[in-house]
There are 2 protein chains.
Amino acid sequence: MTKKWVEQNILISVDNVIFTIINDKLQILLVSRPIEPFKWQWSLPWGVVWDKETLEETAYKKLEEKTSVKNIYLEQLYTFSNIRRDPRWRTISTAYMALVSRENLTIKSSKAWRESKFFPVTALPKLGFDHKEIIEYAIKRLKWKLEYTNIAQYILPEKFTFTQLQNVYEIVLNQKFDVRNFRKKINSLWIIEETWEKEVWNQYRPARLFKFTNNNIEIVDVI
Amino acid sequence: MTKKWVEQNILISVDNVIFTIINDKLQILLVSRPIEPFKWQWSLPWGVVWDKETLEETAYKKLEEKTSVKNIYLEQLYTFSNIRRDPRWRTISTAYMALVSRENLTIKSSKAWRESKFFPVTALPKLGFDHKEIIEYAIKRLKWKLEYTNIAQYILPEKFTFTQLQNVYEIVLNQKFDVRNFRKKINSLWIIEETWEKEVWNQYRPARLFKFTNNNIEIVDVI
DNA sequence: CTAATAGTGTCTCTGAGACACTATCTA
DNA sequence: TAGATAGTGTCTCAGAGACACTATTAG
């Protein structure tokens, strides 16, 4: 690759905000930093962008390093460029948001990271860099996407009950919805369909299982 | 600044999509490239990010180089990172969108650019790089912002008539609205208020002038 | 008084939201 | 048959959209 004609001394990296729902709480994957700065503090999993990969590729690669995931949703959020966001050197970082269903997720252990752990968004530890700001931005975007698209399918298993679907909305948007109105609204949008199967585990009346009709993200006014 | 520990050979730049309305058409400022690649072709005005400025600062600086503007709106859109988007070397570019009212705008001549010119979005010339894609993304974002926020104030003069306001919506969203329903809707949102002044230029019945109530961008369901 | 744009009210229909009971299953 | 969750229908009210005439001004 030709040498560029301007000297820049800026590091380009990617930060991942990985969302899932565990124990009826919206959670984010954080890693404990084994090195300075912010040694032993928690931070978002991140990666340096190599010369021959796009930002998306870096983000996806880093996601795979830490998790075993199929059917993952990845979306670019925003590029953060404050001069002093990294105390060591000038770093510009593009934040990505990922959505993972609990079922499709296993956290890989890796010697590069002392520890990876999911934290509820309501109980985040102290974070290094500007990662608090990044997470706030990501939560805002996630809420918006949930309200206006069929993105919920990426937090749910492939087949799910109406109650599970409503839980996703109630947990992420942090509000209660009336059961009848919620079902009426979802049904009117034709974004999910019957699988004609039922739950098996339930001690009581088993619920019907549904799946999303369209696996592409489409704009729908859900709530 | 400490030397970063990873060798990256990536150029960081900024591309500006500058919107305004001229002659009842939505237009974008393009510059004619005096150098290769894409010599003499039109492209978005762009700038290289210096080590000690944020992306926002670069975008703003470049905007000021080309235009004399007060009261400008600037918003980060997306960061484009395809490996071969610049044929010379690896370039990652963050796109910004700017909104300018015709009244607040004068295009500066600059010897760095052979020529700057506004083009209607419906009649854009052949563009270098991935600038067509960037513009399409910017138009989508602009439409969304117009529908759901009070951003229209940045394309309008400070005081404007109801007809001018409706024109902005009709031109950008490319659809007609009923005069009565449009006014009813806008009035119900309390985002504009009377100035108790009237147009003077009009040959016929002069219209009342309004101004926006709130100069911050707020989420409002306009259309 | 003519020509041209500014400005206004009503009706219908759709959809959001409030609200409570019956159905189905297991043990 | 008890216990627990699944599942459903109606009414009201707000707001979107269709639609046509009067008001004001300059010349």
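In what follows, chains are A, B, ... by sequence order, proteins preceding strands, each numbered from 1. Just so it is clear, the model here is predicted, and its values are computed rather than measured.
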Could I get the full list of ring pair (Phe, Tyr, Trp, His ring centres under 6.0 Å) partners for B:F80, not counting sequence neighbours?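 Only B:Y78 meet the ring pair (Phe, Tyr, Trp, His ring centres under 6.0 Å) criterion with B:F80.
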Can you sort out the partners of B:F119 under ring pair (Phe, Tyr, Trp, His ring centres under 6.0 Å), two or more places apart, ordered by chain and number?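 Result, ring pair (Phe, Tyr, Trp, His ring centres under 6.0 Å) vs B:F119: B:W42.
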Using the test side-chain contact (heavy atoms from CB on, under 4.5 Å), find all partners of A:S101 that sit at least two apart in sequence or belong to another chain.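 Checked A:S101 against side-chain contact (heavy atoms from CB on, under 4.5 Å); matches are A:E103, A:N104.
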Mind listing the residues from residues 204-212 of chain B sitting with a heavy atom below 4.0 Å of DNA chain D? Number order is fine.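 Result for residues 204-212 of chain B: B:Y204, B:R205, B:P206, sorted by number.
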Measure from [atom1] on [X] to [atom2] on [N] and round the result to the nearest Å.
{"X": "A:R183", "N": "D:dA6", "atom1": "CZ", "atom2": "P", "answer": "7 Å"}
{"X": "B:Q164", "N": "C:dA6", "atom1": "CD", "atom2": "C1'", "answer": "13 Å"}
{"X": "B:N167", "N": "C:dT5", "atom1": "CG", "atom2": "P", "answer": "12 Å"}
{"X": "A:Q203", "N": "D:dA6", "atom1": "CD", "atom2": "P", "answer": "12 Å"}
{"X": "A:F182", "N": "D:dA6", "atom1": "CZ", "atom2": "C1'", "answer": "15 Å"}
{"X": "A:L165", "N": "D:dG7", "atom1": "CG", "atom2": "P", "answer": "12 Å"}
{"X": "A:F177", "N": "C:dA16", "atom1": "CZ", "atom2": "C1'", "answer": "12 Å"}
{"X": "B:K198", "N": "D:dA23", "atom1": "NZ", "atom2": "C1'", "answer": "10 Å"}

Please report the interatomic distance CZ(B:F182) to CD1(B:I223), rounded to the nearest 0.5 Å.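 Those atoms lie 5.5 Å apart.
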Sugar-phosphate or base contact per nucleotide [nucleotides 11-20 of chain D; S, B, -; heavy atom under 4.0 Å]: -----SBBBB
Would B:K132 and B:E136 pass as an ion pair if we require N to O under 4.0 Å?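 Yes, this pair counts.
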How about B:E158: does its CD atom have over 12 heavy atoms from other parts shown lying under 6.0 Å from it?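 Count not over threshold, so no.
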Between A:F210 and A:F160, what is the ring plane arrangement, given parallel below 30°, perpendicular above 60°, and tilted in between?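 A:F210 vs A:F160 ring planes: tilted.
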Just say parallel, tilted or perpendicular for the rings of A:Y169 and A:F177, cut-offs at 30° and 60°.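 Plane angle over 60°, so perpendicular.
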Classify A:T163 by what it touches in the nucleic acid, base, sugar-phosphate, or nothing, heavy-atom distance under 4.0 Å.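 Since only primed, P, OP1 and OP2 atoms lie under 4.0 Å of A:T163, the category is sugar-phosphate.
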For B:R102, give me all partners under side-chain hydrogen bond (donor to acceptor under 3.5 Å, both in side chains), at least two apart in sequence or on another chain.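 With neighbours one apart ignored, the set is empty.
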